[in-house]
Student: 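Before I ask anything, here is the structure I am working with.
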Amino acid sequence: MIRLHSVLARTVPIMLALAAGPVVAEDAAGTVVVTLKGHHFFPDTVTVPAGQKLTLVFDNQDPTPEEIESHDLKIEKVVAAQKSIRISVGPLKAGEYRFVGEYHEDMAKGVLVVR
Amino acid sequence: MLAALIIVFREVLEAGLILGIVLAATQGVPGRMRWIGLGLMAGVGGALALAAVADTLSDAMAGSGQELFNAGVLLVAVSMLAWHTIWISGHGGRTLAAEMRGFGRAVAHGHRPLSALTVVVGTAVLREGAEVVLFLSGIAAGSEEGDGALILGGICGLMLGFGAAGVLYAGLIRLPTRHLFYAINLLLTLLAAGMAAQAVAFLSQAGIATIGAEVLWDTSGVLRDNSVIGRTLHVLVGYTDRPTLLQVIVYCLTAAAILIGAHHARLSHREVPV
């Protein structure tokens, strides 16, 4: 009985989180991590709460640099190959905020969904 | 090739508009092309050097090196623009050329405002040029097209951008001299205010400026600031479609400080017997 309870306690939140969509777990400070690999963002859709300051971390695992740019978020920053950068955004109103990797704009596309 | 053309055009447009205003402000000043040319070359050299050390800069300042550098360069330009506008207002309120004709040691006296404007041109070319170099090397690394197409696109973008500068310059110098002076002073003031607001955006991105981060209004439905017209207005008057509270405050304070400083300088000038 006790084991089933603890198993459920662990798996139910995970199942709920998966059901909620492509959400990246945030730590208490509101950090979102996006990986860049093969000139694509992983995840390419991130859901975050509105009205909060956030830190976006872009981890570039490609062998070439990329410029992270978002006209909606008003950010632009170059991330060197095999490096990661932090970008402060927010507080954001509800909506969808598109961001791109400017050097490979047809492939590196992502959306920050603010609810 | 199109991607290279568009990105080079966008960046050169911004520097080109600033160049157009400075050319209009220095029209008729002897030796101005040497100064402006110096600013252009220093900007290009700086942009290449900056692109070469981009990695180191990025890691500097706890990862905020890029934002601090961009904000710093912008604020240097703001102070140069403020100084120039206030200086010229305190010296008879005429265009720089007319001002220099009025002095016996015309060339020597004109060096300071000319050097200030040289720094403004240089910093603009530095900022935009670094973007161009970084972007072209970024897309060159993964492009199937080959360097020839990129270079061609880049040159076309360069020509279009300079074309826009020429249009602005030609439009400005058509104005009668009296109006030209006020138009240029206003443009330089708004240019400075817009740059200050842009510096705020970089500091906010770095998590350094944390107050006043709420977006005040959203006019992206009316005019997106990354369209051609939007970018032109962005450079000329500091237009942004989603300004934060802090940006609006800094914009107004910068414009007010320069206008008040210029007004005060004009008044002081009148009190001194000629």
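From a predicted model like this one, the values you see are computed outputs, not experimental measurements. Throughout, a chain's letter reflects where its sequence line sits, starting with A, and its residues are numbered from 1.
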Student: By a 4.5 Å heavy-atom criterion (distance strictly below it), what part of Asp225(B) contacts chain A: side chain, backbone, both, or neither?
Tutor: both
Student: Main chain of Val215(B), side chain of Lys93(A): is a donor-acceptor contact present, judged purely on distance under 3.5 Å?
Tutor: yes
Student: Pick one of side chain, backbone, both or neither for Val78(A), based on which atoms fall under 4.5 Å of a heavy atom in chain B.
Tutor: both
Student: For the pair Glu214(B) and Lys53(A), evaluate salt bridge (charged side-chain N to carboxylate O under 4.0 Å, His left out) and give the outcome as yes or no after the intermediate values.
Tutor: CA-CA 10 Å; Glu214(B) 315 83 65; Lys53(A) 283 193 186 289; over 6 Å; no
Student: Tell me, for Thr210(B) versus chain A, whether the close heavy atoms (under 4.5 Å) come from the side chain, the backbone, both or neither.
Tutor: both
Student: Answer yes or no: is there an ion pair linking Glu102(A) with Arg10(B), defined by an N-O contact shorter than 4.0 Å?
Tutor: yes
Student: Using non-hydrogen atoms and a 4.5 Å limit, figure out which bit of Ile7(B) sits close to chain A: side chain, backbone, both or neither.
Tutor: side chain
Student: Can you say whether Ala213(B) sits under 4.5 Å from chain A via the side chain, the backbone, both, or neither, judging by heavy atoms?
Tutor: both
Student: Heavy-atom distance under 4.5 Å to chain A: side chain of Gln66(B), backbone, both or neither?
Tutor: side chain
Student: Which atoms of Asp72(A) are under 4.5 Å from chain B, going by heavy atoms: the side chain, the backbone, both sets, or neither?
Tutor: both
Student: For His71(A) and Arg242(B), what are the C-alpha separation, side-chain angles and deciding distance, and is it a side chain to side chain contact (heavy atoms under 4.5 Å, CB included)?
Tutor: CA-CA 10 Å; His71(A) 163 74; Arg242(B) 272 168 279 204; 3.7 Å; yes
Student: Report yes or no: does Gln205(B) contribute a side-chain atom to a donor-acceptor pair with the main-chain N or O of Glu76(A) at less than 3.5 Å?
Tutor: yes
Student: Kindly compute the distance separating CZ (Phe135(B)) from CD (Glu69(A)), expressed to the nearest 0.5 Å.
Tutor: 9.5 Å
Student: Is the CZ atom of Phe42(A) crowded by more than 12 outside heavy atoms at less than 6.0 Å?
Tutor: yes
Student: What is the distance from atom CD1 of Ile87(A) to atom OG of Ser64(B), rounded to the nearest 0.5 Å?
Tutor: 10.5 Å
Student: Take atom CD1 of Ile229(B) as the centre, draw a 6.0 Å sphere, and report whether it contains more than 12 heavy atoms from other residues, nucleotides or ligands.
Tutor: no
